[in-house]
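On a predicted model such as this, the values are computed, not experimentally measured, just so you know.
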Amino acid sequence: MNRAAFLIIAGLANNAAFAVPSQPPTFTKAIAPILYHNCTGCHRPDEVAPFPLLNYNDARKHAKQIAKVTEKHFMPPWKAEPGFGDFANERRLSEAEIGLIKAWYDAGAPEGIAADLPPLPKWTEGWTMGTPDLVLEPDRDYELAAEGRDVYRCFVIPTQFSEERFIAAMEMRPGNRKVVHHVLTFVDTSGKARILDAQDSEPGYSTFGGVGFKNSGHLGGWAPGNFPERLPNGIGFRVPKGADLVLQVHYHKSGKPEKDRTKVGLYFAKGAIDKQVRVIPVAKLPLRIPANESNFIVQATLPVLFDATIYSVMPHMHLLGREMKVTAFLPDGTSHPLVHVPDWNFNWQTTYRFKKPMHLPRGSRVEMEARFDNSAGNLANPNNPPRLVTFGEQTTDEMCMAFLSYTVDAEQLTKGIAFNSLRDLAPGLRGPAKPKSTGAKKLD
């Protein structure tokens, strides 16, 4: 029985019991296609996963573990609730594929014949999206002490662009994955970041509560679980002529001295660009999570003050975060689910890219609701006993944000219609909306 026929039988009905094939599935014919499509992007040398899955011997050694973590939907890591939002970058195995893996393990993990083995995916060494158009990095390594508080370090990298450029995709390559927790990329046209850098004898500079200057935009970032993707044609992140990129790297110390030099690969947008992509957070500020609260709910609302189109949403919390739900409400009263992460994991954060960009007319609103567990029962709680936790940049502090990437519908760069300031569109805009008050109700 070939794999296609087996998948049809296994999926004849929704939630149907897995149908065991007459012959057990083999690695070369049934399992390798699943692993190559869903797993080897991370499970290969020099990537985030702890072991490779490139051949039969790799898979056989971990067959029991693969069957267990896929059956529990722990792998591939995809934290969004099915049916709440529709995503182009979804990484989720079908029940039929999960059943194939279990049947293969139960049968003793047979190899199969070499003729059935598909070719390995092709990767550009060091880059998941192929060779970037431009690779930028600091001019020297940053040396991180063995112990102490987390470090937020800003590295200033001149682009030396002779003209305005638009970026369709960006890929971050942490130099030392043991200590780099996440990276954010900002655009500076003021020169202030260079001044701050020059005042610090070490590579880059440190600030508290931001990057130390009013940025001219940002290109997104990286965290474990976030994979780069190219924007649709006709839109891009804008980098002005002569701008600097500022990489804000969050380091979490490993217990021994470490070095890092994180790189960023830029992929330029092709063809005419009609709209600039921007990012705005739906944010809960201020944030105060009392000690011993196991089900602490916070809410925030962002009003939509001009016609816009959104392309992605990225939830962000720290170690006390347990759940987040983001929903858009249109002026006509209809609601559109954006994302629901029912089992938050600080170590696996994803930008959820919509399969179809969503239009939000003026008068819409985006609501975020999040749940935190600041009790001793939360095994991820960094404080024993629990203490009051407030907003901050340390891992042991907290954040509650959902970042939206969007374009302004009225902007038409190809016709000379541009908005350097969103206050041109909405004079009352003053950053994220004041959030709703907290409550003690359960997310539903």
Side-chain angles (χ1 to χ4, degrees), residues 78-81 83-90 166-170 184-185 217-221 223 226-238 269 273-284 299-317 324-341 349-370 400-413 417-419 421-426 428-433 435:
W78 181 257
K79 308 301 289 184
E81 179 73 14
F84 200 97
D86 192 14
F87 306 108
N89 58 334
E90 182 169 307
F166 283 89
I167 309 302
M170 176 190 71
L184 296 176
T185 307
H218 58 87
L219 308 184
N226 234 348
F227 296 91
E229 290 194 12
R230 188 175 291 273
L231 290 170
N233 292 335
I235 65 174
F237 290 99
R238 176 177 174 265
I273 302 300
D274 198 48
K275 298 183 189 301
Q276 176 184 171
V277 178
R278 297 172 166 95
V279 177
I280 192 169
V282 188
K284 169 58 181 171
Q299 299 167 310
T301 297
L302 179 74
V304 179
L305 303 180
F306 43 81
D307 293 349
T309 299
I310 57 173
Y311 296 86
S312 68
V313 56
M314 180 185 176
H316 179 65
M317 298 185 287
M324 182 182 286
K325 181 183 289 188
V326 187
T327 307
F329 294 89
L330 273 56
D332 63 6
T334 60
S335 63
H336 293 273
L338 299 186
V339 71
H340 178 202
V341 179
Q349 303 183 40
T350 298
T351 297
Y352 298 94
R353 305 186 188 279
F354 304 126
K355 190 173 291 185
K356 182 179 179 181
M358 185 179 300
H359 174 62
L360 296 182
R362 179 180 178 179
S364 302
R365 69 186 190 277
V366 178
E367 294 194 356
M368 174 189 69
E369 189 169 63
C400 186
M401 298 180 176
F403 294 94
L404 302 172
S405 68
Y406 72 98
T407 56
V408 177
D409 290 358
E411 189 168 61
Q412 294 178 280
L413 301 179
I417 303 174
F419 298 96
S421 170
L422 295 183
R423 291 185 177 86
D424 297 340
L425 283 164
L429 185 65
R430 293 292 184 271

Between [atom1] of [X] and [atom2] of [Y], what distance do you get to the nearest 0.5 Å?
| X | Y | atom1 | atom2 | value |
| --- | --- | --- | --- | --- |
| Met314 | Gln349 | CE | CD | 5.0 Å |
| Leu231 | Ile273 | CG | CD1 | 9.0 Å |
| Arg278 | Phe419 | CZ | CZ | 8.5 Å |

Of the non-hydrogen atoms in Pro315 and Val341, which two are nearest, and what is the gap between them?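 Result for this residue pair: CG-CG2, 4.1 Å.
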Restricting to non-hydrogen atoms, name the atom on Val326 and the atom on Ala402 that form the minimum distance, rounded to 0.1 Å.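 So the minimum-distance heavy-atom pair works out to CG2-CB, 3.8 Å.
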Counting only heavy atoms from other residues, nucleotides and ligands, does the tally under 6.0 Å from CZ of Arg362 exceed 12?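 No, because the 6.0 Å sphere around CZ of Arg362 holds 12 heavy atoms or fewer from other groups.
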Return the set of residues passing ring-ring contact (aromatic ring centres under 6.0 Å, His included) with Phe237 (not counting sequence neighbours), or none when no residue passes.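 Here no residue qualifies.
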Checking His218 now: which residues fulfil ring-ring contact (aromatic ring centres under 6.0 Å, His included) with it, not counting sequence neighbours?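 Checked His218 against ring-ring contact (aromatic ring centres under 6.0 Å, His included); matches are Phe186.
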May I ask you to decide if the ring planes of Phe87 and Tyr352 are parallel, tilted or perpendicular, using 30° and 60° as cut-offs? tilted
Run through Leu338, Val313, Thr309 and flag the one making a side-chain contact (heavy atoms from CB on, under 4.5 Å) with Met358.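 The residue from Leu338, Val313, Thr309 that satisfies side-chain contact (heavy atoms from CB on, under 4.5 Å) with Met358 turns out to be Leu338.
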Could you check whether any side-chain N or O of [X] sits under 3.5 Å from a backbone N or O of [Y], counting only pairs where one atom can act as donor and the other as acceptor?
| X | Y | value |
| --- | --- | --- |
| Asp409 | His359 | no |
| Asp86 | Lys355 | no |
| Glu411 | Gln276 | yes |

Could you walk me through whether Phe354 and Val339 pass the side chain to side chain contact (heavy atoms under 4.5 Å, CB included) test, one step at a time? CA-CA 10 Å; Phe354 304 126; Val339 71; 5.9 Å; no
What verdict does the side chain to side chain contact (heavy atoms under 4.5 Å, CB included) test give for Thr327 and Phe84, after you've listed the backbone C-alpha separation in whole Å, the side-chain angles of each residue and the deciding distance to 0.1 Å? CA-CA 9 Å; Thr327 307; Phe84 200 97; 3.5 Å; yes
Asp307 vs Leu360, side chain to side chain contact (heavy atoms under 4.5 Å, CB included): CA-CA, chis, key distance, verdict: CA-CA 6 Å; Asp307 293 349; Leu360 296 182; over 6 Å; no
Restricting to side chain to side chain donor-acceptor pair (under 3.5 Å), what partner residues turn up for Ser405, sequence neighbours left out?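 Side chain to side chain donor-acceptor pair (under 3.5 Å) list for Ser405, sorted by chain: Ser312.
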